[in-house]
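Input: a single structure, listed below in structure tokens.
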Amino acid sequence: MPRYNPKESEPRWRDAWNRAGSFLTPEPAADEARPKYYVLEMFPYPSGAIHMGHVRNYAMGDVVARFKRAQGFNVLHPMGWDAFGMPAENAAMERGVHPKAWTYQNIASMRDQLKQLGLSIDWSREFATCDPAYYGRQQAWFLDLFRRGLVYRKEGVVNWDPVDMTVLANEQVIDGMGWRSGAAVEKRKLTQWFLRITDYADALIEGLNTLNRWPDKVRLMQENWIGKSRGARLIFRVAGEAPEGFESIEVYTTRPDTLFGASFVGVAPDHPLAERMGAGNPEVAAFIAECRRGGASEADIEAGEKKGVFTGLEVVHPFDPARRLPVVVANFILMDYGTGAIFGCPAHDQRDLDFARKYALPVHPVVLPPGGDPAAFRVEDEAYVGPGTLFNSDFLDGLAVEPAKAAAVARIEEMGAGKGATVYRLRDWGVSRQRYWGCPIPIVHCAKCGPVAVPAEQLPVELPDDVAFDRPGNPLLRHPTWRHVACPQCGGPGERETDTLDTFVDSSWYFARFTDPTAAEPINRAVADYWMPVDQYIGGVEHAVLHLLYARFVTRALKDDGLLSVEEPFAGLFTQGMVTHETYRVSADGRWLTPSEIEPRDGRLVESVTGLPVEIGGVEKMSKSKKNVVAPEEIFDSHGADASRLFVLSDSPPDRDVQWTASGLEGSWRLVHRIWNEFDAHPADPFIESDDQDADRAAELHRLTHRTIKSVTEAIEGFRFNSAIARLYEFLNALKTWPVEASGPAVLGARTEALSALARLVAPFAPHLAEECWARLGEEGMVVEAAWPVYDPELAAENERVLPVQVNGKRRGEIRVVAGASAAEVEAVALADAEVRRYLEGMSVRKVIVVQDRIVNIVAG
RNA sequence: GCCCCAGUGGCGAAAUGGUAGACGCGGCAGACUCAAAAUCUGUUGUCGAGAGACGUGUUGGUUCGAGUCCGACCUGGGGCACCA
């Protein structure tokens with residue numbers, strides 16, 4: 001019996017699919033009866049080589065794509081490259097390779113590797129975001145947004161990554177470090193381009209309610225990130241003589257109910273009032289300078305120390321004109337949240353309390369905890385933030401917190417001292433990057449006209465090729481000619497914007513471009529209307545806030561721009577887990593070793609070269625630094641793409657991390673061969689001579705086949721690929737009950753049916769193998785063209801049931817009944833069962849609970 | 001600190017409130033082999049010779065019945081974090 005040889009078989013079938021054009025997307029109009037299905041995996045960054053995480057991601061998407069295609073859907077399953085970004089420039093600086101050459105070379109080799117996986121991708125739609133044809137269209141819609149006021153420029157304090165020498169968005173700063181470089185981020189004042197994502201804050205929250213095929217976790221993370229809070233803006237009038245333009249201070253609060261507990265008003269160090277007061281007060285100026293020193297504030301935040309300085313100003317309490325509150329500048333107040341100013345209520349806010357204790361400000365409790373004694377209640381080291389009843393609060397006395405908030409806001413509005421307000425944590429999206437390898441921002445700066453949009457006929461604004469990377473920083477700024485152009489408006493001397501767009505802009509609309517990647521306009525609306533939204537999007541959870549929020553925003557902005565019809569880009573989202581692996585270090589010196597550098601020797605692990613003992617470390621995400629990576633190419637070479645795909649899908653649920661193990665891969669390798677052997681053993685002509693007339697046994701296999709079709713289909717639909725593969729194993733194990741050698745025509749016929757179904761059930765997971773099996777069975781055409789097997793619900797249901805019988809909740813026996821037997825029948829059988837009667841001896845039956853086709857429980861005592 | 005999620009054999013894991021541990025890995029025993037590898041067969045939660053008992057992080061509850069639902073706690077993971 002020849003062994004199945006993936007090395008020979010896999011390229012042959014990929015070639016056959018290619019020649020047949022199996023994965024070209026059908027034209028929508030050609031077959032409108034077929035429902036559309038758009039399946040997309042997050043496109044890769046062309047780093048140079050695919051890793052196991054890609055294998056898992058694209059294997060999952062391919063299961064869905066092949067499954068839906070077999071079910072008769074019109075499937076769009078494209079692939080492209082998220083190709084702009086820092087690593088290309090790093091390569092240029094380190095190795096003198098041009099970013100463009102580096103990127104396109106990487107794309108070429110990764111494309112080859114991905115193709116080895118046998119993905120059902122329509123490669124004719126491929127593009128890279130660094131293609132001028134793509135980023136030129138991006139510039140076009142960017143300018144549409146610019147004209148509509150969704151793009152603006154402002155000077156602001158930005159996150160500056162000193163290693164990458166560029167600005168980062170808030171979403172890209174993780175624990176104070178740049179998301180890519182890992183360097184401590186500094187504060188800098190720069191003029192930047194922003195996208196008005198905050199205009200869509202409410203819509204982006206509301207939209208989450210419609211995304212019922214998204215993980216709750218991701219929706220929650222986005223909701224928290226947008227951070228909607230309801231409260232009030234409130235004006236405090238400055239008492240006595242006020243500096244010009246600062247007659248009042250507007251604060252934002254979510255606790256207007258605690259206003260009677262106020263003991264100070266504070267502003268952020270960046271607040272205009274702080275700067276104004278600093279002008280005439282060296283102490284204030286020194287404090288502001290200290291806060292500005294940026295880096296230092298990191299340590300302060302860790303320590304949580306609340307510091308501030310008194311400005312000497314006082315404000316009038318809006319509800320009690322006789323009361324005066326000091327105005328302070330404090331380090332814990334953020335300029336870009338709310339109004340950059342607060343009123344401090346130490347009794348009911350921990351930060352305010354810490355501050356008040358340090359500067360000996362009064363603490364007035366105004367919310368009494370349930371059951372508290374108003375005379376005895378004190379706030380010591382901990383602010384009281386729980387529910388309760390207002391006291392010491394004039395017209396609010398006796399109200400609970402929520403009604404008190406409403407009453408306070410009503411009074412404030414009545415007085416004209418402010419109004420109810422909603423504030424978001426979300427900030428506008430800073431998209432300027434001081435980099436070369438990105439989409440140029442299509443703006444010309446003119447001394448006379450200001451920033452002017454590049455006219456449509458001059459797009460794309462292409463990156464110049466002749467740039468030098470001998471120094472850090474942005475080469476566009478140093479290019480001798482590129483940025484010097486005439487102002488499109490007045491013809492006078494102008495200068496191109498040298499910042500490029502954040503690469504997250506590139507990835508926030510590529511899914512729409514895939515629907516017609518060669519359209520003259522950015523998006524061919526008629527075609528996009530057919531395909532959008534993406535029905536199933538698959539990628540890592542690390543993009544829960546970044547990419548997925550930006551893409552939702554851009555989709556809405558483009559809809560309002562008339563380029564798209566949908567509000568949400570991704571109807572279904574699946575976040576897959578990572579691929580992990582054991583780590584290995586030399587015990588003596590702690591050096592990390594790759595799996596290929598170690599071997600077992602005398603019952604322990606040693607480094608192959610030196611023979612030094614090796615310790616097995618933690619199971620962690622595959623990474624170069626821990627050396628625990630397994631190269632997909634090597635696995636394709638040794639075990640084939642099908643076994644690799646089966647393994648990354650079979651060993652853990654798709655949303656959880658999967659641990660790569662050599663033995664697990666061997667298991668999938670065995671599965672491949674077991675499946676093939678089953679087909680190989682099946683006679684080409686099933687009508688062999690035999691006296692076997694066992695129609696009952698054939699019928700049994702027939703039913704098992706239908707049960708398997710049902711369970712595999714449901715598992716794929718539910719994204720339980722590990723369970724789907726387990727059902728395939730069960731089916732194979734069960735097939736041993738019907739061996740070819742002992743089968744007559746009836747059973748062989750049932751076997752043919754079983755194998756025909758099996759080939760199709762295997763196809764989404766191990767497509768090359770499935771083709772080989774399909775051909776071996778003598779079926780027509782290829783599996784890719786075959787319809788998904790359909791099960792007969794009646795056959796899929798068991799006709800006989802084995803029901804466990806419990807006595808007082810403990811399993812005491814089992815009975816066999818026909819499926820659907822009535823409670824009375826089942827009860828009679830159960831009570832007649834000898835085993836059960838033994839347990840009932842000396843007891844009287846009080847109650848019998850029968851759950852149809854499930855269980856019997858006899859309550860006795 | 002706040003918000004989420006998860007704790008099940010030696011390991012990865014299954015289980016619409018209804019036989020806990022499907023399926024895989026590993027282990028053990030056997031077949032084939034001069035031998036090994038590969039392959040195949042059987043077996044494998046714990047205790048117990050057996051009958052049986054006990055078992056899903058801990059603990060309390062709801063229920064005829066709880067891995068699953070509810071309360072408290074413990075542990076691990078993730079997100080957010082001077083957000084007023």
Side-chain angles (χ1 to χ4, degrees), chain A residues 1 3 174-176 215-225 227-229 231 251-255 258 266 268 297 300-306 330-334 336-345 348-352 354-355 385 423-427 541-542 544-545 580 619 646-647 650-653 655-671 673-674 677 711 715 720 722-733 736 802-814 846-860:
Chain A
M1 193 156 58
R3 224 166 133 69
I174 317 287
D175 290 331
D216 291 341
K217 181 186 170 177
V218 174
R219 289 194 288 182
L220 194 69
M221 280 168 69
Q222 292 213 354
E223 193 177 333
N224 291 341
W225 186 265
K228 183 174 184 167
S229 88
V251 306
Y252 173 73
T253 179
T254 56
R255 294 298 301 273
T258 64
S297 70
D300 283 350
I301 289 172
E302 277 309 309
E305 197 186 352
K306 309 290 178 278
N331 67 345
F332 64 94
I333 302 167
L334 305 172
D336 51 4
Y337 183 76
T339 61
I342 61 159
F343 78 78
C345 176
H348 304 293
D349 182 289
Q350 192 59 45
R351 292 156 305 177
D352 297 348
D354 294 346
F355 186 80
V385 294
V423 160
Y424 301 89
R425 209 185 74 104
L426 184 70
R427 311 288 153 77
V541 74
E542 66 272 18
V545 185
T580 62
V619 174
L646 282 167
F647 177 66
S650 67
D651 226 36
S652 286
D655 53 348
R656 236 183 273 180
D657 291 353
V658 65
Q659 186 186 339
W660 182 272
T661 60
S663 55
L665 175 68
E666 292 300 326
S668 298
W669 174 247
R670 273 195 288 275
L671 175 61
H673 291 291
R674 284 181 55 188
N677 291 343
S711 56
R720 296 186 307 273
N722 54 328
S723 296
I725 294 168
R727 297 291 90 77
L728 297 178
Y729 272 109
E730 277 176 356
F731 194 42
L732 276 179
N733 289 342
K736 287 172 196 156
V802 177
L803 302 190
V805 182
Q806 295 182 334
V807 176
N808 292 331
K810 286 196 193 286
R811 185 177 180 281
R812 295 303 187 192
E814 56 184 37
R846 296 221 184 101
K847 193 174 170 187
V848 178
I849 292 139
V850 177
V851 181
Q852 195 174 63
D853 292 342
R854 277 295 190 178
I855 201 167
V856 186
N857 191 14
I858 300 165
V859 187

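Just so we're on the same page: letters track the sequence lines, and every chain starts at 1.
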Test your reading of the model: is there a side-chain donor-acceptor pair from [X] to the backbone of [Y], 3.5 Å cut-off?
X: Arg811(A); Y: Pro804(A); result: no
X: Asn857(A); Y: Ile849(A); result: no
X: Asn331(A); Y: Lys306(A); result: no

Distances for protein N/O vs nucleotides 16-20 of chain B N/O pairs under 3.5 angstrom?
unit_1 : atom_1 : unit_2    : atom_2 : d
U16(B) : O4     : Arg854(A) : NE     : 3.3
U19(B) : O2     : Arg811(A) : NE     : 3.0
U19(B) : O2     : Arg811(A) : NH2    : 3.1

Exercise for the section: Report the residue (Ala726(A) or Thr661(A)) whose heavy-atom-nearest nucleotide on RNA chain B is the more 5′ of the two. Expected result: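 Upstream on the strand: Ala726(A).
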Please state the [atom1] separation for the pair [N] and [M] - nearest whole angstrom.
N: G9(B); M: U59(B); atom1: C1'; value: 23 Å
N: U43(B); M: C25(B); atom1: P; value: 16 Å
N: A15(B); M: A20(B); atom1: C1'; value: 7 Å
N: C28(B); M: C74(B); atom1: C1'; value: 37 Å
N: A22(B); M: C73(B); atom1: P; value: 35 Å
N: G26(B); M: G76(B); atom1: C1'; value: 25 Å
N: U39(B); M: G65(B); atom1: C1'; value: 45 Å
N: G79(B); M: G24(B); atom1: P; value: 35 Å

Problem - salt bridge (charged side-chain N to carboxylate O under 4.0 Å, His left out) partners of Asp216(A), counting only residues at least two apart - result: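 Result, salt bridge (charged side-chain N to carboxylate O under 4.0 Å, His left out) vs Asp216(A): Arg219(A).
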Could you list all N or O pairs between the protein and nucleotides 9-15 of chain B that sit under 3.5 Å apart?
unit_1 : atom_1 : unit_2    : atom_2 : d
G12(B) : O2'    : Asp651(A) : O      : 2.5
G12(B) : O2'    : Ser652(A) : OG     : 3.0
A14(B) : OP1    : Asn722(A) : ND2    : 3.2

Handout entry: Given C64(B), A84(B), G26(B), the nucleotide with the shortest approach to the side chain of Ser663(A)
Key =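 From the listed options, G26(B) comes nearest.
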Practice task
Dump the intermediate steps for side chain to side chain donor-acceptor pair (under 3.5 Å) on Asn733(A) and Arg674(A), then the final yes or no.
Solution key: CA-CA 10 Å; Asn733(A) 289 342; Arg674(A) 284 181 55 188; 2.5 Å; yes
Review item, nucleotides 40-46 of chain B N/O atoms under 3.5 Å of protein N/O:
unit_1 : atom_1 : unit_2    : atom_2 : d
U41(B) : OP1    : Lys736(A) : NZ     : 3.0

When the distance from [atom1] of [X] to [atom2] of [N] is rounded to whole Å, what number comes out?
X: Tyr337(A); N: A81(B); atom1: OH; atom2: P; value: 12 Å
X: Gln350(A); N: C82(B); atom1: CD; atom2: P; value: 16 Å
X: Phe731(A); N: G24(B); atom1: CZ; atom2: P; value: 15 Å
X: Arg425(A); N: G79(B); atom1: CZ; atom2: C1'; value: 10 Å
X: Lys306(A); N: A81(B); atom1: NZ; atom2: C1'; value: 11 Å
X: Asp216(A); N: C4(B); atom1: CG; atom2: C1'; value: 10 Å
X: Leu671(A); N: U39(B); atom1: CG; atom2: P; value: 12 Å
X: Glu666(A); N: A38(B); atom1: CD; atom2: P; value: 8 Å

Exercise for the section: Classify the glycosidic conformation of G9(B) as syn or anti, calling it syn when the angle lies within 90° of 0. Expected result: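 Syn, since the glycosidic angle lies within 90° of 0.
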By side chain to side chain contact (heavy atoms under 4.5 Å, CB included) - contacts of [X] (at least two apart):
X: Arg846(A); value: none
X: Lys810(A); value: Arg812(A)
X: Val619(A); value: Thr580(A), Glu582(A), Gln659(A)
X: Gln350(A); value: Leu353(A), Asp354(A), Glu382(A), Ala383(A)

Practice task
Can you run through RNA chain B from 5' to 3' and write each base as (, ), [, ], | or . depending on how it pairs? Watson-Crick or G-U wobble, both distances under 3.5 Å.
Solution key: (((((((..(((.....[....)))((((((.......))))))(((....)))..(((((..]....))))))))))))....
Practice task
Ignoring backbone atoms, establish whether Arg351(A) has a side-chain N or O less than 4.0 Å from OP1 or OP2 of C83(B).
Solution key: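 Indeed, a polar side-chain atom of Arg351(A) lies that close.
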Could you tell me the separation between the [atom1] atom of [X] and the [atom2] atom of [Y], rounded to the nearest 0.5 Å?
X: Ile342(A); Y: Tyr252(A); atom1: CD1; atom2: OH; result: 13.0 Å
X: Phe355(A); Y: Ile333(A); atom1: CZ; atom2: CD1; result: 7.0 Å
X: Lys847(A); Y: Ile858(A); atom1: NZ; atom2: CD1; result: 13.5 Å

Any base atoms under 4.0 Å from [X], or only sugar-phosphate, or nothing? Heavy atoms, all strands.
X: Ser668(A); answer: nothing
X: Asn733(A); answer: sugar-phosphate
X: Gly667(A); answer: sugar-phosphate
X: Ile725(A); answer: nothing
X: Tyr729(A); answer: sugar-phosphate

Handout entry: Cationic N near anionic O, under 4.0 Å, Asp349(A) to Arg255(A)
Key =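 So Asp349(A) does not pair with Arg255(A) through a salt bridge.
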With side chains defined as the heavy atoms from C-beta onward, is the minimum distance between [X] and [Y] less than 4.5 Å?
X: Thr258(A); Y: Phe343(A); answer: yes
X: Leu732(A); Y: Leu671(A); answer: yes
X: Trp669(A); Y: Phe647(A); answer: no

Return the polar atom pairs (N/O with N/O) between nucleotides 50-57 of chain B and the protein under 3.5 Å, or none.
unit_1 : atom_1 : unit_2    : atom_2 : d
G52(B) : OP1    : Arg838(A) : NH2    : 3.4
G52(B) : OP1    : Tyr839(A) : OH     : 3.3
A53(B) : OP1    : Arg812(A) : NH1    : 3.2
A53(B) : OP1    : Arg812(A) : NH2    : 3.4

Problem - Which residues share a side-chain hydrogen bond (donor to acceptor under 3.5 Å, both in side chains) with Asp655(A), sequence neighbours left out - result: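 side-chain hydrogen bond (donor to acceptor under 3.5 Å, both in side chains) check on Asp655(A) returns nothing, list empty.
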Problem - Residues which pass side-chain hydrogen bond (donor to acceptor under 3.5 Å, both in side chains) with Tyr729(A), listed by chain and number, not counting sequence neighbours - result: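 With neighbours one apart ignored, the set is empty.
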